[in-house]
Amino acid sequence: MAELPETPLLLLDRERLDANILRMRSALAPHNVTLRPHVKTNKCLEVTQRFFADGKGPITVSTLREADVFFAAGFTDILYGVSIAPNKFEHAARLLAQGADLKLVLDNLETARLLADYARSSVQRFNVLLEIDCDGHRSGIPPDSPVLVEIARVLEGSGVTVGGVMTHAGNSYDSRSIAEIEAFARQERDAVVEAAQRLRDAGFELSVVSVGSTPTALFTQGLSGVTEVRAGVFAFFDLVMAGLGVCRVQDIAVSVLATVIGHQPEKGWVLIDAGWMALSRDRGTAKQPVDQGYGVVCDVSGQPLGDLIVTAANQEHGIISSRSGHLDNFTALPVGTQLRILPNHACATAAQHAGYHVLTEGRCLGYWPRIAGW
Ligand SMILES: Cc1ncc(COP(=O)(O)O)c(C=O)c1O
C-alpha cells in the first residue's frame, strides 16, 4: 500500500475475492446449474468481470441503474431481482428496446395487471419470473397458493412471458448451525420446484427455476429441478457470514482502512476516523452469538488485534475498545496508526464508498469504482 494513504477508504483484497469466487463455483459444480451472481454486493464492473472467465453474465441486479451500466458494458442477460414498480415499466422497456435480455420479477396480482396493461400497448415483450416465498422472509407467493397460476393467467397473452420462478432463502441468515442452513437450502429448492411444477401442470412452459442466498448456495446438498443460483455476498463475505460458519474471518475480502486520531485512556477507548459513514450502521452480528459491534479491528496487514472491536460509531468517529472491557496498551496504537476494520455486512459497508482500493499481494495497485444510485 502507498505510504499512509488518506483515510477512511475501502480496501478490496483481490486474492481473497478470487478465492471466494472459486469456492462458490466449485460448490455449485456438481449441481449442473448456472451461477447468476447478484452484483448488489459489489456494484462494480471490474469485480463482476472476475466471476466470468469468458463471456459477460448472466447477472442479477438490485437496481435498474446497475442494469443500465452493466448492459452498456456488454452484459446482456440481466435479472432485476426486486419486484417491478409501475413507475419503472418504461425504464425496463427502454432496456429491452436497446437489446437487453432483461427479466423482471413480480409477486402479486396488482402488479401483474398493471404490467399486462402496459405490455398490451408496448412493442416490447416482457419476460417475468414469479417470486416464490420459501420461508416467510419477505416477499413472494407461497408455492401452494392458487394466486400463482392466477397471476400467470393474467399475464398470458398480454405481451408478458412467464419465463420461470425465483426465490431467496433470506431466513438462512438466522441459522444457528450448518444443519439448519442445509435445511433452509432444501426448503428453498423444494418451494421453487413445487411452484414450477404447478405452473407447468397449468400449461406454462418455464425455462428458469432460480434460487439463491450465499449460505444455502454453499451448503446445498441437492438442486435437482433448479436451473440457476443467484448468490452475491459470497464474493466478499463478512462478519455475519463468518458468524454463521459459512466462511472464516480470514476469507473476508473487504475492509475499511482507518487511522487512530486519539485516545480516552480512562475509558479504555481508541478513537479512529471511521464512523458509521465509513462502516455503515449495520449491526447484523448483534443477533448472533458473537456480537462484533461495528466491526473487528485488524492491523494494517489484516490480522485481527486480540479482542478489539469498534464498539460505537458516530458519523465520522469510531470508538474501539476491547471486548473484555479495558484496553490498557495504548502505546501500541499511537495517533496515526492505520488499522483495518472488517465489516458486519459487506453490501452495506461497501455502499458507503465510491469505489475499491484494490490490494494485490498486499499492495494497492488499482481503484475500481462502484455504481451508485437508482
Ligand atoms: C432476491 C435476492 N437474490 C439473491 C440474493 C443474494 O443473497 P446473498 O447476498 O446471501 O448471496 C439476495 C440478497 O439479498 C436477494 O435479495
Side-chain angles (χ1 to χ4, degrees), residues 17 20-21 23-25 27-28 33-44 47-48 51 57-64 66-67 77-85 102-107 128-141 164-175 178 180-182 184-185 187-189 191-192 195 208-220 223 226-247 251-254 280 282 284-285 288 343-351:
L17 166 70
N20 295 340
I21 293 171
R23 179 175 163 207
M24 180 59 80
R25 286 228 172 265
L28 295 179
V33 288
T34 302
L35 176 62
R36 181 189 286 280
H38 207 316
V39 304
K40 78 191 193 71
T41 307
N42 69 72
K43 290 184 186 257
C44 173
V47 171
T48 300
F51 292 107
I59 56 170
T60 314
V61 297
S62 61
T63 65
L64 289 180
E66 288 162 34
D77 184 350
I78 299 171
L79 168 63
Y80 170 48
V82 180
S83 193
I84 188 73
L102 177 70
K103 293 153 184 91
L104 304 178
V105 164
L106 62 84
D107 74 348
V128 155
L129 305 189
L130 300 186
E131 183 175 3
I132 307 305
D133 180 6
C134 63
D135 60 5
H137 172 66
R138 185 170 62 195
S139 42
I141 312 154
V165 285
M166 57 83 76
T167 196
H168 165 64
N171 278 1
S172 65
Y173 277 45
D174 298 329
S175 300
I178 298 302
E180 263 189 64
I181 295 174
E182 289 169 353
F184 275 116
Q187 190 174 312
E188 185 182 42
R189 187 218 79 104
V192 265
V208 180
V209 180
S210 179
V211 298
S213 80
T214 286
T216 54
L218 286 172
F219 290 96
T220 183
L223 285 173
V226 168
T227 64
E228 65 172 38
V229 172
R230 312 171 322 277
V233 80
F234 71 90
F236 292 169
F237 285 130
D238 53 28
L239 292 169
V240 166
M241 289 295 126
L244 280 173
V246 166
C247 70
D251 297 324
I252 299 173
V254 283
S280 90
D282 197 286
T285 55
Q288 293 189 325
N344 277 320
H345 183 182
C347 310
T349 299

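In each ligand, atom 1 is the first atom listed, and ligand 1 is the first ligand listed.
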Practice task
Say whether Pro215, considering both its backbone and side-chain N or O atoms, lies within less than 3.5 Å of an N or O atom on ligand 1.
Solution key: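 No: no nitrogen or oxygen of Pro215 is under 3.5 Å from one in ligand 1.
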
Practice task
Determine yes or no for a side-chain-to-main-chain donor-acceptor pair under 3.5 angstrom, with Asp282 supplying the side chain and Asn344 the backbone.
Solution key: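 Between the backbone of Asn344 and the side chain of Asp282 there is no qualifying donor-acceptor contact (under 3.5 Å).
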
Residue [X] vicinity, atoms of ligand 1 by number, heavy atom under 4.0 Å:
X      : result
His38  : 2 (C), 3 (N), 4 (C), 5 (C), 12 (C), 15 (C)
Thr214 : 8 (P), 10 (O), 11 (O)
His168 : 1 (C), 2 (C), 3 (N), 4 (C), 5 (C), 7 (O), 12 (C), 13 (C), 14 (O), 15 (C), 16 (O)
Gly81  : 1 (C)
Gly232 : 6 (C), 8 (P), 9 (O), 11 (O)
Tyr173 : 8 (P), 9 (O), 10 (O)
Val233 : 8 (P), 9 (O), 11 (O)
Gly212 : 3 (N), 4 (C), 5 (C)

Exercise for the section: Quick one: pull up OG1 in Thr48 and CD in Glu66 and give me the separation to the nearest 0.5 Å. Expected result: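 That separation rounds to 8.5 Å.
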
Handout entry: Atom pair OG (Ser280) and NE2 (His345), whose distance is rounded to the nearest 0.5 Å
Key =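 The NE2 atom of His345 is 8.0 Å from OG of Ser280, to the nearest 0.5 Å.
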
Problem - ligand 1 contacted by Lys40 (non-hydrogen, < 4.0 Å) - result: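 For ligand 1, residue contact (heavy atoms, under 4.0 Å) with Lys40 is present.
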
Exercise for the section: With sequence neighbours left out, write down each residue that passes side chain to side chain contact (heavy atoms under 4.5 Å, CB included) with Thr60, or none if nothing qualifies. Expected result: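 For Thr60, the residues satisfying side chain to side chain contact (heavy atoms under 4.5 Å, CB included) (neighbours in sequence not counted) are Arg36, His38, Leu79, Arg230.
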
Handout entry: Polar side chain donor-acceptor pair, Ser172 to Thr216, under 3.5 angstrom
Key =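 Distance-only check fails for Ser172 and Thr216.
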
